[in-house]
Amino acid sequence: MNKKPIRRNENILKLSKEHHFSLLFCWKIRQGLKMNIEPNRITDYVEYFKSGFLDPHFREEEDFLFALVDDSRVDKAIDQHKQINGLIDELAKNTKNYSYEKLEKLANLVDDHVRFEERQLFPFMEKTLTNEQLDEVGKNLDEDESLPLKDEYTDEFWVKR
């Protein structure tokens, strides 16, 4: 089956490109789980990625894009952001009882979230917003210095040695 890449409006392309890093994050978690890496090592990376990437990415989406439309799809994405953050906070607080199951759940939740935004929410937003609104989103994203993330995490637990 030959799937064509999704064409994205240039003004929200940055957000789509950032989703690639979220999917890579999921892959790294899953690789660590497959190799039976100590869960605390994976959770340390999860916390690093949350503060350096997910937090600013979610803020960009919510402040610059989602705030423009009142729709159940936007509500779903914001709820997914809260679920992801809640699960990460739970992992961070529960340092004595790290859980492979919760890490797998996090990887699945982030993966599902990215696919929802790319396949359903972003196409809806592109059809709903005016060109002027999309231009404003692009301008705001260009002016935001919080990203892109340079993933310089030193404990590459996902690499087979």
Side-chain angles (χ1 to χ4, degrees), residues 1-66 74 76-123 125 137-138 140-161:
M1 179 151 84
N2 188 10
K3 283 190 174 184
K4 290 183 179 181
I6 297 173
R7 298 209 36 104
R8 188 66 60 225
N9 180 285
E10 66 183 10
N11 291 297
I12 60 173
L13 187 59
K14 178 183 179 195
L15 296 172
S16 281
K17 286 181 178 181
E18 290 170 3
H19 285 158
H20 167 77
F21 293 104
S22 295
L23 295 175
L24 188 57
F25 166 76
C26 298
W27 178 83
K28 289 174 180 180
I29 291 172
R30 291 178 177 132
Q31 287 300 110
L33 295 173
K34 278 185 204 172
M35 294 187 294
N36 293 314
I37 299 299
E38 295 173 28
N40 63 316
R41 288 177 63 195
I42 301 171
T43 301
D44 287 346
Y45 177 69
V46 167
E47 291 179 59
Y48 164 85
F49 192 81
K50 178 186 184 296
S51 64
F53 182 82
L54 287 177
D55 288 344
H57 176 78
F58 288 171
R59 183 188 49 74
E60 284 182 328
E61 287 182 330
E62 292 176 14
D63 292 352
F64 302 147
L65 184 62
F66 298 170
V74 170
K76 178 178 178 176
I78 292 170
D79 185 55
Q80 289 175 336
H81 287 179
K82 290 176 184 172
Q83 289 175 32
I84 291 165
N85 282 326
L87 186 53
I88 292 172
D89 291 345
E90 191 178 319
L91 282 163
K93 288 178 188 168
N94 200 4
T95 57
K96 294 202 184 338
N97 188 21
Y98 291 107
S99 165
Y100 284 109
E101 293 80 24
K102 286 183 181 175
L103 287 165
E104 181 66 31
K105 180 179 178 182
L106 175 63
N108 292 337
L109 191 59
V110 171
D111 192 299
D112 291 346
H113 170 69
V114 167
R115 299 200 189 282
F116 165 72
E117 285 189 349
E118 286 296 324
R119 293 176 181 162
Q120 295 178 41
L121 182 59
F122 282 14
M125 297 296 279
V137 170
N140 288 333
L141 290 172
D142 286 342
E143 291 173 357
D144 189 347
E145 299 291 325
S146 63
L147 290 174
L149 170 76
K150 288 180 178 49
D151 192 345
E152 297 169 343
Y153 196 72
T154 56
D155 180 11
E156 295 180 332
F157 60 84
W158 55 87
V159 176
K160 205 173 225 176
R161 304 212 188 268

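Just so you know, residue 1 is the first one in the sequence shown, and it goes up from there. Quick caveat: nothing in here was measured; it's all calculated off a predicted structure.
For the atom pair Leu141 CG and Ile12 CD1, the distance stands at 9.0 Å (nearest 0.5 Å). Atoms CG and CD, on Leu23 and Glu18 in that order, are 12.5 Å from each other to the nearest 0.5 Å. Distance check: Phe157 CZ to Asn40 CG gives 11.0 Å after rounding to the nearest 0.5 Å. Atom CD1 of Ile42 sits about 15.0 Å away from atom NZ of Lys102, to the nearest 0.5 Å. The distance from atom OG1 of Thr43 to atom CG of Leu91, rounded to the nearest 0.5 Å, is 5.0 Å. To the nearest 0.5 Å, the span separating CG on Asn108 from CG on Leu103 amounts to 11.0 Å.
For Asn85, the side chain to side chain contact (heavy atoms under 4.5 Å, CB included) criterion is met by Lys50, Asp55, Phe58, not counting sequence neighbours. Evaluation of the side-chain hydrogen bond (donor to acceptor under 3.5 Å, both in side chains) rule for Gln83 yields Asp79 as partners, not counting sequence neighbours. In this structure, the salt bridge (Lys or Arg N to Asp or Glu O under 4.0 Å) partners of Glu104, at least two apart in sequence or on a different chain, are Arg30. Lys76 is linked by a side chain to side chain contact (heavy atoms under 4.5 Å, CB included) to Gln80, Phe116, counting only residues two or more places apart in sequence or in another chain. For Asp155, the side-chain hydrogen bond (donor to acceptor under 3.5 Å, both in side chains) test picks out Arg41, with sequence neighbours left out. With sequence neighbours excluded, the residues forming a side-chain hydrogen bond (donor to acceptor under 3.5 Å, both in side chains) with Arg59 are Asp144, Ser146, listed by chain and number. Taking Glu152 as the reference, Tyr48, Lys150 meet the side chain to side chain contact (heavy atoms under 4.5 Å, CB included) condition, with sequence neighbours excluded. Applying the side chain to side chain contact (heavy atoms under 4.5 Å, CB included) rule to Asn11 yields the partners Asn9, Leu134, Asp135; only residues at least two apart in sequence or on another chain are considered. Glu101 meets the side-chain hydrogen bond (donor to acceptor under 3.5 Å, both in side chains) test with Ser99; sequence neighbours excluded. Applying the ring-ring contact (aromatic ring centres under 6.0 Å, His included) test to Phe64 and every residue at least two apart in sequence or in another chain returns nothing. Every residue two or more places apart in sequence or in another chain was checked for a salt bridge (Lys or Arg N to Asp or Glu O under 4.0 Å) with Asp63, and none qualifies.
Arg8 contributes no side-chain N or O that, together with a main-chain N or O of Leu15, makes up a donor-acceptor pair within less than 3.5 Å.
Between Ile88 and Phe49 the shortest side-chain heavy-atom distance does not fall below 4.5 Å. Proximity of Asp111 to Arg115: side-chain heavy atoms (C-beta onward) are separated by under 4.5 Å at one or more points. You'll find the side chain of His113 reaches within 4.5 Å of the side chain of His81, heavy atoms only. At least one side-chain heavy atom of Lys14 sits less than 4.5 Å from a side-chain heavy atom of Glu60. Residues Glu117 and Glu61 form a side-chain contact, since some pair of their non-hydrogen atoms from C-beta on lies under 4.5 Å apart. In this structure, Leu121 and Phe66 have side chains that are in contact, with non-hydrogen atoms separated by less than 4.5 Å.
Taking all atoms of both residues into account, the shortest heavy-atom contact from Ala107 to Cys26 is O-SG, 3.2 Å. Nearest approach of Leu54 to Ser22, heavy atoms of both residues: CD2-OG, 4.1 Å.
Within a 6.0 Å sphere centred on CD of Glu38, heavy atoms belonging to other residues, nucleotides or ligands number 12 at most.
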| request: Please step through side chain to side chain contact (heavy atoms under 4.5 Å, CB included) for the pair Ile37 and Leu33, ending with a clear verdict. | output: CA-CA 6 Å; Ile37 299 299; Leu33 295 173; over 6 Å; no
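No option in Phe53, Phe25, Phe122 other than Phe122 meets the ring pair (Phe, Tyr, Trp, His ring centres under 6.0 Å) test with His19.
Under 4.0 Å is where a charged nitrogen must lie from a carboxylate oxygen, and between Asp89 and Lys82 no such pair does.
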